[in-house]
Amino acid sequence: MKLPIDRGLVVVDDEADGTQTVRVCADIRNGEAVDVFAEHNGADRVKIHDGVNLTRRGARSFSTQILEVFDEGGVVNIKRVSSHR
């Protein structure tokens with residue numbers, strides 16, 4: 001079965017309990033997610049794939065490019081958009 005994949009700008013917050021929240025959104029303004037359409041709360045494991053560049057500000061990281069986000073076996077994956085030819 002094909003995994004559901006969200007594509008958009010991404011904001012990752014490091015939470016006080018050691019987990020992370022990953023938000024997929026339409027825009028990022030001043031480091032804040034705007035128009036969030038997908039969210040992964042309480043993620044114990046987040047894998048940021050090669051080639052993904054995130055800007056870090058304190059406990060928050062965010063993208064400046066559209067990325068793919070999907071959960072595979074309890075790991076939230078963040079990767080560059082792949083071509084589906």
Side-chain angles (χ1 to χ4, degrees):
M1 183 163 122
K2 187 171 178 163
L3 296 171
I5 297 174
D6 294 302
R7 291 178 183 89
L9 297 172
V10 176
V11 175
V12 180
D13 287 311
D14 297 334
E15 304 297 346
D17 65 0
T19 64
Q20 293 178 302
T21 299
V22 178
R23 292 178 181 86
V24 185
C25 56
D27 196 10
I28 297 173
R29 295 186 197 138
N30 297 319
E32 298 285 333
V34 177
D35 295 330
V36 174
F37 53 85
E39 187 168 296
H40 299 265
N41 294 301
D44 290 319
R45 297 185 299 165
V46 175
K47 179 179 181 182
I48 299 172
H49 290 250
D50 292 339
V52 172
N53 296 314
L54 299 177
T55 299
R56 184 108 178 138
R57 287 193 188 154
R60 173 169 289 160
S61 299
F62 56 91
S63 70
T64 57
Q65 66 189 61
I66 293 173
L67 299 171
E68 294 182 342
V69 178
F70 58 95
D71 187 317
E72 183 173 51
V75 178
V76 177
N77 289 269
I78 301 172
K79 63 182 280 191
R80 294 179 65 185
V81 174
S82 58
S83 156
H84 297 285
R85 295 182 189 168

Quick one: do [X] and [Y] end up in the same hydrophobic cluster if we chain Ile, Leu, Val, Met, Phe, Trp and Tyr together by side-chain heavy atoms under 4.5 Å apart?
| X | Y | value |
| --- | --- | --- |
| V11 | L9 | yes |
| V52 | F62 | no |
| I78 | I5 | no |
| L67 | V36 | no |
| F70 | V46 | no |

Checking the side chain of [X] only, and the main-chain atoms of [Y] only, is there a donor and an acceptor separated by less than 3.5 Å?
| X | Y | value |
| --- | --- | --- |
| D6 | P4 | no |
| D17 | T19 | yes |
| E68 | S82 | yes |
| R29 | G31 | no |
| R45 | G73 | yes |

### Message
Would I28 and V34 count as a side-chain contact (heavy atoms from CB on, under 4.5 Å) here? Give the steps.
### Response
CA-CA 6 Å; I28 297 173; V34 177; over 6 Å; no

### Message
For D35, is there an ion pair with R23 - N to carboxylate O distance below 4.0 angstrom?
### Response
no

### Query
Charged N to carboxylate O under 4.0 angstrom, E72 versus K47?
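Looking at K47 together with E72, the answer is no, because their closest N to O distance does not fall below 4.0 Å.
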
#### Entry: V69 and N77: CA distance, side-chain angles, deciding distance, side-chain contact (heavy atoms from CB on, under 4.5 Å) verdict
CA-CA 6 Å; V69 178; N77 289 269; over 6 Å; no

### Query
Do V12 and R60 come close enough that some side-chain heavy atom pair is under 4.5 Å?
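The answer is no, as the side chains (C-beta and beyond) never meet within the 4.5 Å cut-off.
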
### Message
Between S63 and L54, is there a side-chain heavy-atom distance shorter than 4.5 Å?
### Response
yes

### Task
Could you walk me through whether D27 and E32 pass side-chain contact (heavy atoms from CB on, under 4.5 Å), step by step?
CA-CA 8 Å; D27 196 10; E32 298 285 333; over 6 Å; no

### Query
Would you find more than 12 non-hydrogen atoms of other residues, nucleotides or ligands less than 6.0 Å from R80 atom CZ?
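At most 12 heavy atoms, drawn from other residues, nucleotides or ligands, come within 6.0 Å of this atom.
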
### Between D71 and H40, a side-chain donor and acceptor under 3.5 Å
no

### Message
Within the 3.5 Å criterion, strictly below it, is a donor on E15 or T21 matched to an acceptor on the partner's side chain?
### Response
yes

